[in-house]
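Here the structure is laid out as structure tokens; the discussion comes afterwards.
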Amino acid sequence: MTAHLTHWGVFEAGSDGERLTSVRPWRGDPEPMALIDNVASAQHHRTRIDQPYVRRGWLEQGPGPARRGDEPFVPVSWETAVGLLSGELSRVYREYGADSVYGGSYGWASAGRFHHAQSQVHRFLNCLGGYVRHVNSYSLGASSVLLPHVIADMSVLEGQATAKSVLVEHTDLVVAFGGLSPKNSAVSPGGVSRHNTRTWIGAARARGCRFVSISPLRDDIPAEAQAEWLAPRPGSDAALMVALAQVLDAEGLADQDFLDRYTVGYERFAGYLRGERDGVVKGPEWAAQITGLPAGEIRALARDMAAARTMVTVSWSLQRAEHGEQPLWLGVVLAAMLGQIGLPGGGFGHGYGSTAHVGEAARAYSVPKFPQGRNGVDTFIPVARIADMLLNPGADYDYDGRTLTYPDIRLVYWCGGNPFHHHQDLARLRAAFARPETVVVHDAFWTATARHADVVLPATMSIERDDYGAGQNDRVFFPMPALTRPHGQARDDYAIFAELAETLGVGKEFAEGRTAQEWLRELYREWQTHRGDEVPDFQMFWDGEPLELPIPDPDQVLFAQFRADPERFPLTTPSGKIEIFSETIDSFGYRDCPGHPVWMEPEEWLGGPAAAQFPLQVIANQPRTKLHSQLDVGAHSRSAKVGGREPVRLHPDDAGARGVGDGDIVRIFNDRGSCLAGVVVDDGVRAGVAQLSTGAWYDPDPEDPSFCRHGNPNVLTADRGTSPLSQGCTGQLALVEIERFRGTVPELAVDRPPPIV
């Protein structure tokens with residue numbers, strides 16, 4: 001049995017050379033994941049792409065804007081595909097320049113570090129002169145921009161987060177805004193060797209730690225926490241946090257010494273709490289009207305937070321919504337008011353429960369990876385603004401204090417990831433994908449992105465190629481030898497780019513004369529020279545057991561040095577301190593993101609006028625049976641479908657009011673789009689909420705692209721930024737209505753290849 005690394009864990013597999021014959025969890029994982037069952041069952045599914053394909057209209061009429069997603073594809077040889085694509089790349093770079101090419105790789109792709117799709121496509125495009133890139137992520141769009149102004153970069157908050165072992169030993173109270181989701185904390189970029197979420201939470205609870213989960217979903221925290229569940233109206237967390245801060249301020253519970261020494265701008269924020277400018281005191285009674293929580297519960301929680309060693313943790317989900325910067329900033333402010341930042345077990349966390357690596361102590365060094373080279377183009381977009389870019393070339397927009405201009409993109413090159421999973425308002429994205437002259441996609445499966453391409457090249461799965469990898473902050477470095485032959489004519493991205501680069505005259509720059517296996521050896525050798533005798537040579541590593549990397553500080557505490565000596569170890573903010581009021585952000589003059597955090601009413605929430613027409617709040621969270629949309633055709637993912645559709649969870653009161661029950665197929669709709677889903681009735685969902693996870697492969701009705709027959713909630717979500725500060729994704733929440741679907745349930749098309757001629 002050979003071990004293989006995925007983003008959601010490690011499995012051991014047997015193989016006959018063609019397919020996996022047995023799959024089981026790695027013996028070293030104490031909390032293995034059932035998601036591994038998707039790998040073997042998906043490998044030779046009929047949606048695997050078996051050879052190169054070209055959209056018929058592009059092949060017959062040449063490049064140009066087109067309504068992609070409707071036409072059949074023509075199978076071609078690798079020689080033909082490489083010739084067509086190299087000619088098109090030459091034309092676009094010659095006629096329009098490198099800033100007309102969008103290198104759109106976004107997504108988790110392979111857990112392996114050499115065959116990492118983003119590294120491969122970016123290196124290739126850099127050899128041609130560069131490309132328009134994206135910055136930030138759909139998961140952390142607001143965080144990546146806001147937090148460096150306020151406290152620290154995300155690399156610090158993720159990589160140096162207080163270790164889970166410290167929380168187990170020292171924390172008395174965890175207040176988890178957005179919960180501590182067991183499914184989200186089971187995955188991490190690059191992989192997870194040993195899952196431990198239930199273990200550390202159970203150990204903390206056994207020691208006496210109290211958990212309060214603030215979420216519309218009761219199971220957003222493991223059962224081991226025995227958590228108290230508070231379910232405010234979705235989108236109202238900022239109002240709850242403001243009221244908690246008001247109690248701390250009004251009752252003298254804020255740590256004034258900490259605020260004076262380690263922060264700037266508290267008095268400006270305190271004036272807002274006290275209603276000095278608008279006459280409205282932002283206390284528990286004020287927040288109760290917004291959140292739906294009793295004022296007494298809010299006041300009691302604030303007092304309990306001040307009386308205990310408290311960790312305030314904010315899920316990534318909260319900043320994936322309108323005004324997403326506000327609850328995130330308020331989480332920092334609450335932790336600062338408690339005065340426990342830098343103390344063992346107290347302070348602020350961002351991502352516990354959102355990903356496995358937050359709370360894992362940082363390892364001594366990273367692992368080898370494929371160098372991307374230098375990008376000759378400075379132009380970029382925030383990643384969630386791709387549809388805006390394609391639809392509005394030359395238009396100006398605001399971002400982080402700057403006015404930027406969308407480039408005129410003629411060619412999109414996508415390798416790794418699936419924007420028709422990550423993005424919002426998919427009918428709009430489909431219209432945006434009609435505009436470029438050429439769209440190129442490497443993929444292993446006929447995802448929606450591949451179906452909206454002109455040139456489709458079949459890529460291998462990670463089990464079909466040699467690689468090595470280690471997850472972010474994960475201490476185990478795995479060799480990943482290929483387990484089977486590639487499916488059909490699939491090739492790894494490196495082989496595809498090496499041949500294209502040779503045809504385009506940049507083969508030496510891209511490949512440097514090396515095969516993939518030679519690159520693995522060379523990158524490892526370079527890495528080993530800096531490690532000395534700490535690590536074995538390549539062959540011993542490749543043939544042996546996974547390598548345990550050293551952890552310098554297993555009991556790390558976030559901002560411990562800053563707390564000990566803020567003058568010697570200042571933060572990287574403009575003031576060197578925690579910025580409760582930011583002069584920089586204030587100077588931008590953004591109405592949607594002022595100089596200190598505030599409660600701002602969303603356009604779509606249950607307390608607003610739009611709820612009269614659409615009275616349910618969709619929570620479009622991450623799925624539990626797959627990672628994002630990966631391997632949605634796998635057996636484990638399909639086992640959770642209801643009538644072949646993605647499940648939607650409804651509170652019994654909401655299901656009863658609509659006359660639907662378990663197993664019924666319903667239509668979920670708003671004024672942007674609609675989709676079908678299968679009902680699961682569950683009182684663990686707050687009343688007024690419909691929980692429909694992302695990840696169902698987009699299956700648009702041919703006559704109406706805004707109607708997904710499979711259950712993708714992003715036909716319902718709005719394509720707008722969190723604010724002009726970060727332009728982050730707002731895909732977590734949307735208002736909808738639900739009704740029983742009448743008539744014959746339409747067949748799905750995503751579980752088979754598109755039309756081939």
Side-chain angles (χ1 to χ4, degrees), residues 3 5-10 25-26 28-33 35 108 111 113 137 139-140 143 147 152-171 174 176 178-204 209 211 221-222 224-225 311-316 342 344-367 369 468-478 546-561 622 627:
L5 180 63
T6 74
H7 297 295
W8 56 88
V10 185
W26 180 50
D29 191 347
E31 299 178 18
M33 299 299 298
L35 271 67
W108 291 60
R113 294 299 86 191
S137 70
S139 296
L140 288 164
S143 305
L147 290 172
D153 186 84
M154 273 307 302
S155 63
V156 173
L157 292 162
E158 288 186 82
Q160 299 176 29
T162 299
K164 298 166 187 172
S165 60
V166 176
L167 302 183
V168 169
E169 185 176 351
H170 295 282
T171 305
V174 173
L180 294 168
S181 174
K183 58 183 175 53
N184 291 16
S185 58
V187 301
S188 181
V192 183
S193 59
R194 301 181 180 100
H195 293 93
N196 58 25
T197 299
R198 297 185 184 279
T199 301
W200 83 259
I201 288 177
C209 181
F211 290 84
I221 193 166
E224 287 82 352
M311 171 59 70
V312 177
T313 179
V314 179
S315 167
W316 293 357
F348 173 74
H350 186 37
Y352 295 108
S354 297
T355 182
H357 65 270
V358 173
E360 295 297 315
R363 62 193 180 213
Y365 36 76
S366 60
V367 299
K369 59 184 178 181
Y468 41 53
Q472 193 168 337
N473 258 27
D474 199 289
R475 66 181 65 189
V476 188
F477 183 26
F478 287 87
L547 184 62
E548 295 273 350
L549 303 179
I551 304 295
D553 183 11
D555 294 324
Q556 70 185 22
V557 174
L558 182 64
F559 301 126
Q561 288 185 317
Q622 295 303 322
L627 169 58

Requested in this report: Before giving the answer on side-chain contact (heavy atoms from CB on, under 4.5 Å), spell out for F559 and V156 the whole-Å C-alpha distance, their side-chain angles and the decisive distance to 0.1 Å.
Outcome: CA-CA 9 Å; F559 301 126; V156 173; 4.2 Å; yes
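- Residues T313 and L180 form a side-chain contact, since some pair of their non-hydrogen atoms from C-beta on lies under 4.5 Å apart.
- Remark: the backbone N or O of A111 is paired with a side-chain donor or acceptor of R113 at under 3.5 angstrom.
- Distance check: R475 CZ to I551 CD1 gives 4.5 Å after rounding to the nearest 0.5 Å.
- Side-chain atoms of Q556 come within 3.5 Å of backbone atoms of A161 as a donor-acceptor pair (strictly under, hydrogens ignored).
- Counting heavy atoms from C-beta outward, N473 and V358 have side chains that stay 4.5 Å or more apart.
- Proximity of R194 to P30: side-chain heavy atoms (C-beta onward) are separated by under 4.5 Å at one or more points.
- Within the 3.5 Å criterion, the main-chain N or O of G190 finds a donor-acceptor partner in the side chain of H7.
- Contact between M154 and S143 at its shortest, heavy atoms only, is SD-CB, 3.9 Å.
- Between A470 and V476 the shortest heavy-atom distance is CB-O, 3.3 Å.
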Requested in this report: Give the C-alpha distance, both sets of side-chain angles, the deciding distance and a yes or no for side-chain contact (heavy atoms from CB on, under 4.5 Å) between S188 and W8.
Outcome: CA-CA 7 Å; S188 181; W8 56 88; over 6 Å; no
Report task. Start with the C-alpha distance between W316 and T355, add both sets of side-chain angles, then the distance that settles side-chain contact (heavy atoms from CB on, under 4.5 Å), and finish with yes or no. Result -> CA-CA 9 Å; W316 293 357; T355 182; 3.5 Å; yes
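- Classification of the W200-Y352 ring pair by plane angle, with boundaries at 30° and 60°, yields tilted.
- Note that the NE2 atom of H170 and the OG1 atom of T162 stand 10.0 Å from one another [nearest 0.5 Å].
- Annotation: Y468 is in aromatic contact with F477 [ring centroid separation under 6.0 Å].
- For the pair E31 and K183, the salt-bridge criterion is not met [side-chain N within less than 4.0 Å of a carboxylate O].
- Shortest non-hydrogen contact noted between S137 and L140 is OG-N, 2.9 Å.
- Looking at heavy atoms from C-beta onward, L558 lies in side-chain contact with L157 at the 4.5 angstrom threshold.
- The shortest heavy-atom contact between S315 and S354 is OG-OG, 3.5 Å.
- Nearest heavy-atom pair, L167 versus A204, reported as atom, atom and distance to 0.1 Å: O-CB, 4.5 Å.
- The NZ atom of K164 lies 4.0 Å from the CD atom of E360; values are rounded to the nearest 0.5 Å.
- The shortest distance between side-chain heavy atoms of P182 and R198 falls below 4.5 Å.
- A distance of 11.0 Å separates NE2 of H195 from CH2 of W26, quoted to the nearest 0.5 Å.
- Contact between M311 and G346 at its shortest, heavy atoms only, is CE-O, 3.3 Å.
- D474 has its side chain out of reach of H357: every pair of non-hydrogen atoms, C-beta onward, lies at least 4.5 Å apart.
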Query - CA sep, side-chain torsions, deciding dist, call: V557, V166, side-chain contact (heavy atoms from CB on, under 4.5 Å) - result: CA-CA 8 Å; V557 174; V166 176; 4.2 Å; yes
